[in-house]
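The next block holds one structure in the form of structure tokens; read it before the comments.
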Amino acid sequence: MILSRHFVFIHLPKTGGTFVKKLLNIYAPPDWEVLEVIALGGHPRNDPNHPTIKDIPSAYGGIPIFGFVRNPWDWYVSWYEFLKVDGTNELFNKASDHGRKGFKETLLTLYRMELVENAQIGIFSWYFFESFGHDLDRVKFLRFERLREELYDMLKSTVGLPKKLAEAIKTEQPINVGNRTLYQDYYNEELRNLIGRKDKEIIERFDYSYSSL
């Protein structure tokens with residue numbers, strides 16, 4: 001999470017947040033008072049690197065909040081490829097046999113496990129609502145698929161963009177880019193439809209489709 005005088009940025013995992021935090025930490029002017037924080041309280045994901053809306057200090061109440069959303073079908077592929085290497089997520093390790101199972105088998109195994117099978121929403125939706133809460137009107141959502149353009153426009157309209165930060169948004173190299181093919185290559189019809197049902201609320205709210213990027 002990034003706190004500043006002008007906005008709060010919440011980092012939903014696998015939506016380009018590491019890149020955004022790097023830009024703000026390096027290029028934001030001192031008078032923005034940018035501060036990167038870890039989770040300040042109890043955290044159900046046990047992930048201090050991804051504080052949620054509940055972790056925003058009361059002193060920052062009323063300041064605009066923004067974050068990124070991503071096509072769920074694409075998100076799952078990025079999440080799988082990252083955790084396969086990262087190796088720290090116990091639930092993922094159990095479902096994937098520590099990364100030895102492929103994408104489809106891992107996801108279908110996860111959704112057959114009692115903890116996930118009985119959930120009313122998908123894994124992506126759980127991360128999303130845990131990060132941003134359910135009062136989504138509090139948050140300005142930008143799209144991962146247009147990260148540079150939407151970050152540029154949002155900062156320009158919210159606080160104004162100094163030249164160095166504006167240039168960095170356009171030219172800095174991306175971070176944590178995996179070696180993978182198109183997300184559609186990972187799915188069969190069963191898994192595609194499963195994600196469509198489990199993450200239906202987000203898919204419909206942000207007008208995503210299986211073919212959209």
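Predicted model only: the values in this text are computed from it and were never measured.
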Salt bridge or not between [X] and [Y]? Use side-chain N to carboxylate O under 4.0 Å.
X	Y	value
Lys101	Asp97	no
Glu172	Lys22	yes
Asp199	Arg205	no
Glu150	Arg143	no

* **Worked check of side-chain contact (heavy atoms from CB on, under 4.5 Å) between Phe9 and Met1** => CA-CA 6 Å; Phe9 169 61; Met1 179 189 292; over 6 Å; no

Is there a donor-acceptor contact under 3.5 Å linking the side chains of [X] and [Y]?
X	Y	result
Tyr210	Asn71	no
Glu81	Tyr76	no
Tyr27	Glu167	no

Just wondering, do [Y] and [X] contact through their side chains at under 4.5 Å, heavy atoms?
X	Y	value
Leu3	Pro57	yes
Arg197	Ile121	no
Tyr187	Leu194	no
Leu151	Leu23	yes
Ile123	Tyr111	yes
Leu91	Leu110	yes
Ser78	Arg70	yes
Pro13	His50	yes

| message | Check the orientation of Trp75 and Tyr127. Use parallel for under 30°, tilted for 30 to 60°, and perpendicular for over 60°. | response |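 If you compare the ring of Trp75 with that of Tyr127, the planes turn out tilted.
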
*Do the ring planes of Phe7 and Trp32 sit parallel (below 30°), tilted (30 to 60°) or perpendicular (above 60°)?*
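If you compare the ring of Phe7 with that of Trp32, the planes turn out perpendicular.
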
Is there a continuous path of hydrophobic side-chain contacts, each under 4.5 Å between heavy atoms, that joins [X] to [Y]?
X	Y	result
Trp73	Phe206	yes
Val20	Trp79	no
Phe124	Leu142	no

As an exercise, state the distance from CG of Leu155 to OG of Ser4, rounded to the nearest 0.5 Å.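 Answer rounded to 0.5 Å: 9.0 Å.
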
Next on the checklist: Return the OH to CZ distance between Tyr152 and Arg146, rounded to the nearest 0.5 Å.
Outcome noted: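 Between Tyr152 OH and Arg146 CZ, I get 13.0 Å after rounding to 0.5 Å.
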
Give a yes or no on whether Glu201 atom CD has more than 12 heavy-atom contacts from other residues, nucleotides or ligands under 6.0 Å away.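 No, CD of Glu201 has 12 or fewer neighbouring heavy atoms, counting only those of other groups under 6.0 Å.
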
- Task: Decide if the gap between the ring center of Phe68 and the ring center of Phe144 is smaller than 6.0 angstrom.
- Result: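 Not close enough - the centres of the two rings lie 6.0 Å or further apart.
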
Near-ring test Phe92/Tyr80, centroid separation under 6.0 angstrom
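For Tyr80 and Phe92, the ring centres are under 6.0 Å apart.
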
Decide salt bridge (Lys or Arg N to Asp or Glu O under 4.0 Å) for Lys14 and Asp74; before the verdict, give the C-alpha distance in whole Å, the side-chain angles of both, and the deciding distance to 0.1 Å.
CA-CA 10 Å; Lys14 309 315 300 171; Asp74 188 35; over 6 Å; no

- Item | Which residues share a ring pair (Phe, Tyr, Trp, His ring centres under 6.0 Å) with Phe132, sequence neighbours left out |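 Ring pair (Phe, Tyr, Trp, His ring centres under 6.0 Å) check on Phe132 returns Phe128, Phe141.
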
| said: Looking at Glu189, is its backbone amide N or carbonyl O close enough to the side chain of Asn193 to form a donor-acceptor pair, meaning the two atoms are under 3.5 Å apart? | reply: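 Here the side-chain-to-backbone pair exists.
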
Does Asn93 reach the main-chain N or O of Gly87 with its side chain, forming a donor-acceptor pair under 3.5 Å?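 The answer is yes, because a donor-acceptor pair under 3.5 Å joins these two groups.
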
- prompt: Which pair of non-hydrogen atoms, one from Gly133 and one from Ile53, has the smallest distance, and what is that distance?
  reply: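 In this case the closest contact between Gly133 and Ile53 is N-CG2, 3.9 Å.
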
| task | For Ile175 and Phe19, work out which heavy atoms get closest and say how close. | result |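 Answer, listing the atom of Ile175 first, then Phe19: CD1-CA, 3.8 Å.
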
*Using the side-chain contact (heavy atoms from CB on, under 4.5 Å) rule, take Arg180 and Val77 through it: C-alpha gap first, then chi angles, then the decisive distance, then the call.*
CA-CA 9 Å; Arg180 43 162 285 197; Val77 174; 3.6 Å; yes

